[in-house]
Number of protein chains: 2
Amino acid sequence: MSLRYALLALLSVEPMTGYDLYKEFEASVGHVWHAPDSQIYPELRRMEKEGLLDGEEVTWGQRGKKRRYHITDAGVQAFRDWMNTTLEYTRVRDPAHLKAAYLEWAAPEAAREQMRAHIEHHTGLRQQWEQRIREIDQDASEMLNRRLAGTPEADRDRVKAFKRFTYEGLVARAEQEIAWAERGLDLIDDLYANRRSSRQGAGTKK
Amino acid sequence: MSLRYALLALLSVEPMTGYDLYKEFEASVGHVWHAPDSQIYPELRRMEKEGLLDGEEVTWGQRGKKRRYHITDAGVQAFRDWMNTTLEYTRVRDPAHLKAAYLEWAAPEAAREQMRAHIEHHTGLRQQWEQRIREIDQDASEMLNRRLAGTPEADRDRVKAFKRFTYEGLVARAEQEIAWAERGLDLIDDLYANRRSSRQGAGTKK
DNA sequence: CGCCACTATCTATGTTGATAGTTAGTTAGC
DNA sequence: GCTAACTAACTATCAACATAGATAGTGGCG
């Protein structure tokens, strides 16, 4: 259901084609919400049918054409309504922690590898998100600048502040995940060191 | 794909019926991986067909019957293989942060309500997870005790340590989310206070 | 001119998950 | 003996996502 609102958020700035939206998803919103083109195109058609968007045929080169979508008043209203509705949370479903709970089944090296992959994954995310924060601070994001251009001056601070706040939260989360996996690596070392060198008394070093 | 491995994890301790597994999902593993019965029953049948489980008809009362599933060697192997394979991470898809990124669209009170709901949701999760940690420390979990009973003594520390580690990570995550939403509440106050009481100079009236 | 990378869109298939409803037996208390 | 709550299992439908591939036009380079 959120895909629809991610699309409305982007289209509230300016009209775009499905391909534009797909590219934008890859480049920026995709850091918060990812969607493949095969999901975007049909959703846009559905949204047009429901009156949230207006589609406009645009020619492109000699014979090429593309469909550019404009948000309608109903679309703006739908987005605003969603924003004013408290979101219901879905149940936890976390493969990384599920695996962690049974890590004694893995070979020590595989367990370590799992933790390393977790660190790598979240390090990558953190970098992307920190990059987004830098772009916000330096007004370097095309999309955000266009959004700000269409925003009353008095509200611009808020637009930037909420965006920054969002990415700060994601960075903090990534850092938490990295810290957790680092502790996992230490734990694995401890648990499998105890074996070989017969844990001599209360062998909790480190 | 993970549902299958969550089921194998539980069935590696002892044979269970679909209903047992469903109940166990609600009570414990569900804090890491949730699944409705309508997903569990067909998956069990599929797993039996693939040789990961053996199903056994058990009578219950006069006419009642139920199907108890035993893990097979192939099932154990499949689980071990999964545990030794590094998991691929899926793309980010986070409704709460998607919404946060466009919070300027929400009425201030709705924005606050969103943050409060985030805090409440993660406070609930934290409580459940802290409870799990307490159970681990006090050997109060039936399921875990049965698992430990079937584990060589030398490995028991590990079983408990990894379980504890998992829930510690989840608690830390919940705390991070709570702290983030608290900051969100402060931010909302700041951003909308500026309006009414023109904070020091910077004459943004309305 | 031919090729290639890119733009643009669509389709098809399969899995996963959410929601809800159906059927039927069991157990315990009033 | 009835009823309510629980145990047990299955079915149906729909939305969401993943993955892959099909089709076709564009624009630039050598």
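Basis for what follows: all heavy atoms, side chains included, without hydrogens, waters or symmetry-related copies. A note on names: the letters A, B, ... follow the listed sequences, proteins ahead of strands, and every chain is numbered from 1.
Both B/Gly64 and B/Pro36 lie close to DNA chain C; mapped to their nearest nucleotides by heavy-atom distance, the more 5′-ward contact belongs to B/Pro36. Judged by closest nucleotide on DNA chain D, B/Arg93 is the one of A/Gln62 and B/Arg93 placed further toward the 5' end. Taking for each of A/Lys65 and A/Ala35 the nucleotide of DNA chain D with the nearest heavy atom, the 5'-most of the two is the partner of A/Ala35.
For the pair B/Leu3 CG and C/dA18 P, the computed distance is 11 Å after rounding to whole Å. Distance CD (B/Gln39) to P (C/dA18): 7 Å, rounded to an integer number of Å. A straight line from CD of B/Glu88 to P of C/dT16 spans 12 Å, rounded to a whole angstrom. The distance from atom CH2 of B/Trp60 to atom C1' of C/dT23 is 12 Å, rounded to the nearest whole Å. Taking atom OH of A/Tyr41 as the reference point, atom C1' of C/dA12 lies 17 Å away to the nearest angstrom. Distance B/Tyr19 OH to C/dA24 C1': 13 Å, rounded to the nearest Å. Going from atom CE of A/Met16 over to atom C1' of C/dA8 covers 16 Å, rounded to whole Å. Distance, B/Arg46 CZ to C/dG17 P: 11 Å, rounded to whole Å.
Residue pairs meeting the ring-ring contact (aromatic ring centres under 6.0 Å, His included) criterion with at least one member in residues 2-61 of chain A, sequence neighbours excluded, are A/Tyr5-A/Trp82.
Between A/Thr17 and C/dT9 there is a side-chain N or O to OP1 or OP2 distance below 4.0 Å.
Among the heavy atoms of the strands, none lies under 4.0 Å from B/Arg91. Within 4.0 Å (heavy atoms only), A/Arg4 reaches no atom of the nucleic acid at all. Residue contacts for A/Arg68: at a heavy-atom cut-off of 4.0 Å it reaches no nucleic acid atom on any strand shown.
Remark: side-chain polar atoms of B/Lys65 are not paired, donor with acceptor, to backbone N or O of B/Val58 under 3.5 angstrom. B/Asp155 contributes no side-chain N or O that, together with a main-chain N or O of B/Thr151, makes up a donor-acceptor pair within less than 3.5 Å.
You can see that DNA chain D meets the heavy atoms of chain A within a 4.0 Å-exclusive cut from D/dA16 to D/dT26, reading 5' to 3'.
One can find a donor-acceptor pair under 3.5 Å joining the base of C/dT19 and the side-chain atoms of B/Ser38.
Aromatic ring centroids of B/His97 and B/Trp180 lie under 6.0 Å apart.
Taking all atoms of both residues into account, the shortest heavy-atom contact from B/Ile136 to B/Leu144 is CG1-CD2, 3.9 Å.
A salt bridge links B/Arg183 to A/Glu168: one of the charged nitrogens lies within less than 4.0 Å of a carboxylate oxygen.
A/Asp73 and A/Gln77 share no side-chain donor-acceptor pair at under 3.5 Å.
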